[in-house]
There are 4 protein chains.
Amino acid sequence: MNDMTTASLAGQERKAPGRPRNAQADEAILRAVLELLSEGQTVAAISIEAVAARAGVGKATIYRRWANKEALIIDAVAAMKGPLPALAGESVRDDLVTLITANRSGHARGFSKVTACLLPELLRDDSIVEMYKAVTEPRRELMRSVLRRGIATGELRDDLDIELTLLMLTGPSMMHGLFQWQPRVPDEGFVEKLVDGVLRGAAA
Amino acid sequence: MNDMTTASLAGQERKAPGRPRNAQADEAILRAVLELLSEGQTVAAISIEAVAARAGVGKATIYRRWANKEALIIDAVAAMKGPLPALAGESVRDDLVTLITANRSGHARGFSKVTACLLPELLRDDSIVEMYKAVTEPRRELMRSVLRRGIATGELRDDLDIELTLLMLTGPSMMHGLFQWQPRVPDEGFVEKLVDGVLRGAAA
Amino acid sequence: MNDMTTASLAGQERKAPGRPRNAQADEAILRAVLELLSEGQTVAAISIEAVAARAGVGKATIYRRWANKEALIIDAVAAMKGPLPALAGESVRDDLVTLITANRSGHARGFSKVTACLLPELLRDDSIVEMYKAVTEPRRELMRSVLRRGIATGELRDDLDIELTLLMLTGPSMMHGLFQWQPRVPDEGFVEKLVDGVLRGAAA
Amino acid sequence: MNDMTTASLAGQERKAPGRPRNAQADEAILRAVLELLSEGQTVAAISIEAVAARAGVGKATIYRRWANKEALIIDAVAAMKGPLPALAGESVRDDLVTLITANRSGHARGFSKVTACLLPELLRDDSIVEMYKAVTEPRRELMRSVLRRGIATGELRDDLDIELTLLMLTGPSMMHGLFQWQPRVPDEGFVEKLVDGVLRGAAA
DNA sequence: CGTTAATCGAGACGGTACGTCCTGTCTTCGG
DNA sequence: CCGAAGACAGGACGTACCGTCTCGATTAACG
């Protein structure tokens, strides 16, 4: 996910010369970022120096692994995400609820918030975009497969635009996490109501 | 929108003593922000010093008007938004398309991007939240009234959750603007397809 | 001596725009350097960061005045040097003793030591060479005039090489200060013995 | 000169176990230092890392041989010095010229410059002082013996202060090398003029 | 018409963080 | 045990901004 230079050189897995990286440092650094994040720090307010101090690590040890603050924080946030959830596979509706809930689990509004802070950087730096996709795309692909199955089983309209529906499911969820200063839509039951709303439609 | 100290103190409009503010400075500053923004600068990468230099203005002249960088940029971005659109009032569907299109007009993906950059700050500083709401809430209120009218006319289901529907309309639009590096959903016809999707629902 | 940009523009003495430099900062910075130097710090071991902290000043305030550490320390050391000494003018021998003693006064071995530390930089950077000359050349010129007077009065040989004699007077004095770890020549009476030795010569 | 740990421990010459040191590494390291020095690098600007890279050697290989940068550079500079010169033994004047010329040979102003750069470190670290003395003291002792012989043969005054005279001979020579940016005393004939000046004295 | 007071541009101020570089030590593997 | 390679904690470098402040010079309305 990070690594930069010492990456496995395609196939042959040549052992890198020199002293190997210390895996404990990786952990300590990511843990420090998560701690600072959970202490209510803004992403902009988190400094590499503070992370290094908290992790008991030299700054160079961080810069050896990540090119800049954004790459580090993306990686740290990715660690917040749990594994892909197991789907019951019985109804499209239940699977979507499971997926969206999992996307919000643990961090709930945290991931959305951090992601938003990073977007300006995401949009600029291709390598960070790749990191971000590596985290999110598997989840999005899983959601697509649920939608395709729903079309096959007849649960969903067969002219459904899958990518648009993806947006309709994830967009409101993300926004809901972002604008927490305006909680006109309560947390409890939100995911279910969202999925039902998307399925049923607003028209009479 | 800005002003801070020399603001008209409720009613009486007492003329402030001393040299009055220079209105050209306001313009030059906002123009400078917009220029920097349109040159592809990240919000984080725009510095007050750069804005001052570009506008040919002293830093203090900026800080006299805005409390900090975020307030300034919010104000500048608000200037990008056009006036509230006029609604035909014939069908809910058409009015929603008009509203969402207006929200994206001019800046399209620009406003979403800048907004997202500002979220971390929005979430921290109440006065900035107020500024932000002053820009967006009138638009959201207008959208609510369209939805309420739709329920009244029978175009929309009468058990519709208005706030949730608001999210379903604005969330995908915002996300679509944000993740422009992944344009799986094309720009042309997007708004119409989104509104139709929300109205119709995904279920068969 | 320092200044860099805000220098008087040749003649007209135009007042610089903007907030003027704080003279107390200059003093505090130079005092901090002298303190650190007198606490036995090596020149190499003195950091700008330490100077700034000790002087209660931001690093930028130092870099605004001096281009680098060497220029700063030269300036600080120059402040150690007292004013040019008054010469009795009776005998060449006594005047030389007075001059050399003055060159060693206050700092004794300190100035030599610091100067030696700075030589590698002196030799590289022309602007620092100028600063250094501004401090030392007036003293050297005074010594030359004493030698010329001695030739005129017949106290010194009239074929005397003045520049070489200058070296013979200042070189041993400097070296004596430098190699204090090998004090085979005691401090007391050193200057008198040196001047007498130079005058008399070693030959029988 | 270097060695440190694997040195022959007084007498017994026990064969060290394990792989023996690579003598080519010693050479490569010293050569690298001399190269960097001759490329106009300041002593302060020469880093162990650069030396290691240039020599194609690991940093540890350097630190195994020398305690720190200063010790390494002293050793490298010592290698610049040729062997002790042979003295004609006919006149004190000629022998002093030979000795001082030898001290300046090859490196001329180079050795003075490097020595001056090292002084701050010399003054701090006793082990480096010892290394430095090991290089210079034999030369100084040889000069002392010439002076003593001169007193015995009647060429020099019998109340001559030998240590002071040593300073009078070496100090100007060193200073002349240092302040090459102010060449008021030309190189050619310098040593002869210095020795003659010291012998004859300045008085009429 | 001169005072008064807030404005302007410029830029210095004490700070904080950046990302780079180097130090001297340690840790791996292969000779 | 030596060697090249390179990671490690630490710390200084010189730069860039932050938000505040202090200058001299404007620029009104008030007295």
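Bear in mind the structure is a predicted one, so any value in this text is a computation, not a measurement. Note on naming: letters A, B, ... go to the chains in the order of the sequence lines (proteins, then strands), and numbering restarts at 1 for each one.
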Heavy atoms under 4.0 Å, any strand shown: does B:Ala60 hit a base, just sugar-phosphate, or nothing? base

F:dC8, OP1 or OP2 - any side-chain N/O from A:Arg64 closer than 4.0 Å? yes

Point-to-point distance, once rounded to the nearest 0.5 Å, from CD1 of A:Ile62 to CD1 of A:Ile29: 4.5 Å

Looking at F:dG6, does its base get a donor-acceptor pair with the side chain of D:Lys59 below 3.5 Å? no

From the list E:dC8, F:dG14, F:dG3, which nucleotide is the closest neighbour of the side chain of C:Tyr63? F:dG14

Specify the residue among A:Ile46 and C:Pro20 whose closest nucleotide of DNA chain E lies further upstream toward the 5′ end. C:Pro20

Taking only the side-chain heavy atoms of A:Ala25 (C-beta and beyond), determine which of F:dC8, F:dC13, E:dC13 contains the nearest atom. F:dC8

For A:Gly58 and for B:Ala50, find the nucleotide of DNA chain F with the closest heavy atom, then tell me which residue's nucleotide is more 5'. A:Gly58

Contact under 4.0 Å: C:Thr61 side-chain N or O vs E:dA12 OP1/OP2: no

Please report the shortest heavy-atom distance between A:Leu34 and A:Ala76, naming the atom on each side. CD1-O, 3.6 Å

Is any NZ, NE, NH1 or NH2 atom of the basic residue among D:Glu49 and D:Arg54 found under 4.0 Å from an Asp or Glu carboxylate oxygen of the other? no

Checking contacts here: which listed nucleotide (F:dG3, F:dT20, E:dT28) is nearest the side-chain heavy atoms of C:Arg19? F:dT20

By the definition salt bridge (charged side-chain N to carboxylate O under 4.0 Å, His left out), identify the one residue from A:Arg64, A:Arg65, A:Arg31 that meets it with A:Asp26. A:Arg65

Grab the CD1-P distance between D:Ile48 and F:dA4 for me, whole Å please. 14 Å

Supply the atom-to-atom distance B:Ile48 CD1 to B:Ile73 CD1, rounded to the nearest 0.5 angstrom. 7.0 Å

Rounded to whole Å, how long is the line connecting atom CG of C:Leu72 with atom C1' of F:dG14? 14 Å

To the nearest Å, give me how far apart CD (C:Glu70) and C1' (F:dG14) are. 13 Å

Output the rounded distance in Å from CD1 (D:Ile29) to C1' (F:dG3). 11 Å

Nearest-nucleotide wise, let me know which of A:Lys69 and A:Gly18 is further upstream toward the 5' end of DNA chain E. A:Lys69

Does E:dC8 have OP1 or OP2 under 4.0 Å away from a side-chain N or O of B:Arg65? yes

Figure out the CG/C1' separation between C:Asn22 and F:dT20, and round it to whole Å. 14 Å

In terms of side-chain heavy atoms of A:Glu49, which of E:dC18, E:dC8, E:dC13 is nearest? E:dC18

Length of the line joining B:Ile62:CD1 and F:dC21:P, which is rounded to integer Å: 17 Å

Roughly, in whole Å, what's the span from CZ in B:Arg21 to P in E:dT7? 5 Å

Round to a whole Å and report the spacing from CG of C:Asn68 to C1' of E:dC21. 17 Å

